[in-house]
Enquirer: 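Please read through the structure below; I'll follow up with questions.
Side-chain atoms are counted along with the backbone in the values below, which use heavy atoms only and exclude waters and symmetry mates. Just so it is clear, the structure is predicted and the values come from calculations on it, not from any experiment. Just so you know, ligand 1 is whichever comes first in the structure, and atom 1 is the first atom listed for that ligand.
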Amino acid sequence: MEQYRVKPGQQIKLGEWNPADKSGLPAGKKAGGKQLRALNGQLEALQERLYAEGKHKILIVLQAMDAGGKDGTVRHVFEGVNPQGVSVVSFKKPSALELAHDYLWRVHQHAPGKGQITIFNRSHYEDVLVVRVNNLAPEGVWSKRFEHIVAFEKMLADEGTTILKFFLHLSPDEQKARLQARLDEPQKHWKFNPADLEQRKLWPEYMKAYEDVLSKTSTEWAPWYIVPANRKWYRNLVIGRVIVETLQGLNSQYPQPDFDPAAVTIE
Ligand code: ATP
Ligand code: MG
């Protein structure tokens with residue numbers, strides 16, 4: 001999955017990244033589904049050990065254009081994982097209280113604790129994406145944030161957090177098809193937001209903003225992955241593999257008891 005990782009300092013041009021790519025894994029949709037179930041099982045076991053060990057903190061950041069598949073990723077990749085050790089935080093338009101503070105204030109309080117996996121559905125990156133593209137803050141304000149974000153994530157990493165960031169890379173045509181499905185299928189109407197069409201018109205501006213995010217904030221301690229997201233099964237496999245391989249690398253162990261279980265008798 002290395003091919004999708006953005007190396008520190010790498011200049012990203014999204015036009016060179018194919019959202020429909022499936023070259024990294026030798027599977028089709030059907031075999032891919034089977035592989036995902038195997039990954040689900042591995043993730044479940046790894047998460048249980050992580051939780052029992054209570055040492056590492058895992059932060060997963062998901063960013064995408066509307067209909068990019070953030071919700072589907074959470075549903076499919078984390079299927080079967082014990083909800084006790086996993087939380088999902090969705091960052092929406094900031095409240096008045098949140099806007100009264102610095103932009104990292106609302107984010108930091110949701111960072112994972114020991115043994116926890118936290119998934120950010122949108123994140124502090126919105127403050128250099130939607131905010132930039134819609135002129136919600138002047139350039140002199142948002143342009144300084146790349147540096148803050150790199151330092152903030154370094155601090156989290158130094159304090160024991162493993163950070164993985166995924167940009168779900170969708171083509172505009174695929175977004176169109178998914179938004180249309182939200183209009184066509186009554187059980188998807190609730191997902192449709194007419195305001196998404198306004199943001200869709202700003203596609204080139206968003207891609208430019210994402211290119212800056214990916215080029216400036218992918219670090220050794222908090223790498224970005226550009227995930228081809230036109231095919232849902234492929235997106236799930238790529239993200240699932242990166243997470244499973246990362247957790248395997250942490251090599252969490254069940255804690256050793258500080259007593260001799262064989263010497264204990266339960267009357
Ligand atoms: P879906 O993909 O299912 O529509 P969503 O993540 O888009 O889910 P919504 O409730 O539709 O969820 O939208 C949340 C909105 O909040 C997004 O348009 C996002 O850009 C916006 N938002 C998030 N963070 C900020 C921020 N810091 N400043 C301004 N807007 C923000
Ligand atoms: Mg939305």
Enquirer: Cation-pi check, Arg145 to Tyr103: give yes when NZ or CZ is under 6.0 Å from the six-membered ring centre and within 45° of the ring axis, no otherwise.
Expert: yes
Enquirer: So which of Arg182, Glu126, Lys92 gets nearest to atom 1 (P) of ligand 1, if we judge by its closest heavy atom?
Expert: Arg182
Enquirer: Any cation-pi pair here, Lys154 with Trp221, using under 6.0 Å and within 45°?
Expert: yes
Enquirer: Return a yes/no value for Asn193: is any of its N or O atoms, backbone included, closer than 3.5 angstrom to an N or O of ligand 1?
Expert: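 So ligand 1 has no N or O lying under 3.5 Å from an N or O of Asn193.
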Enquirer: State the atoms of ligand 1, each with its element, that fall below the 4.0 Å cut-off from a heavy-atom position in Asp127.
Expert: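 Per the distance check, 27 (N).
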Enquirer: Using a 6.0 Å distance limit plus a 45 degree cone around the ring axis, check whether Lys22 lies over the aromatic ring of Tyr234.
Expert: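 Geometry flag: not set, cation outside 6.0 Å or 45°.
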Enquirer: Show every donor-acceptor pair shorter than 3.5 Å between a side-chain atom in residues 197-207 and any protein atom, with sequence neighbours excluded, or say none if there are none.
Expert:
| unit_1 | atom_1 | unit_2 | atom_2 | d |
| --- | --- | --- | --- | --- |
| Glu198 | OE2 | Lys201 | NZ | 3.2 |
| Gln199 | OE1 | Asn134 | ND2 | 2.9 |
| Gln199 | OE1 | Tyr206 | OH | 2.5 |
| Gln199 | NE2 | Asn134 | OD1 | 3.2 |
| Arg200 | NH1 | Pro172 | O | 2.9 |
| Arg200 | NH1 | Gln175 | OE1 | 2.9 |
| Tyr206 | OH | Asn134 | ND2 | 3.4 |

Enquirer: Is any side-chain N of the basic residue among Arg122 and Glu126 closer than 4.0 Å to the acidic one's carboxylate O?
Expert: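 Glu126 and Arg122: salt-bridged.
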Enquirer: For ligand 1, is there an N or O atom under 3.5 Å from any N or O atom of Asp196?
Expert: no
Enquirer: Heavy atoms only: which of Arg122, Arg106, Glu98, Glu198 is nearest to atom 25 (C) of ligand 1?
Expert: Arg106
Enquirer: Could you list who else is in Trp105's hydrophobic cluster, with ILVMFWY side chains joined at under 4.5 Å, directly or through other members?
Expert: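 Reading the cluster by chain and number, Trp105 sits alongside Leu97.
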Enquirer: Are the charged groups of Lys208 and Asp212 less than 4.0 angstrom apart, N to O?
Expert: yes
Enquirer: Counting each atom of ligand 1 from 1 as listed, which ones have a heavy atom of Asp71 under 4.0 Å away?
Expert: 3 (O)
Enquirer: Using a 4.0 Å cutoff against the non-hydrogen atoms of Val130, which atoms of ligand 1 qualify?
Expert: 20 (O), 25 (C), 28 (N), 29 (C), 30 (N), 31 (C)
Enquirer: What part of Val131 sits under 4.0 Å from ligand 1 if we count only heavy atoms: the side chain, the backbone, both or neither?
Expert: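 Only the side chain of Val131 comes within reach of ligand 1.
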Enquirer: Hey, is His124 touching ligand 1 through its side chain, its backbone, both or neither, going by heavy atoms under 4.0 Å?
Expert: neither
Enquirer: Between Gln199 and ligand 1, which residue portion shows a heavy-atom distance shorter than 4.0 Å: side chain, backbone, both, or neither?
Expert: neither
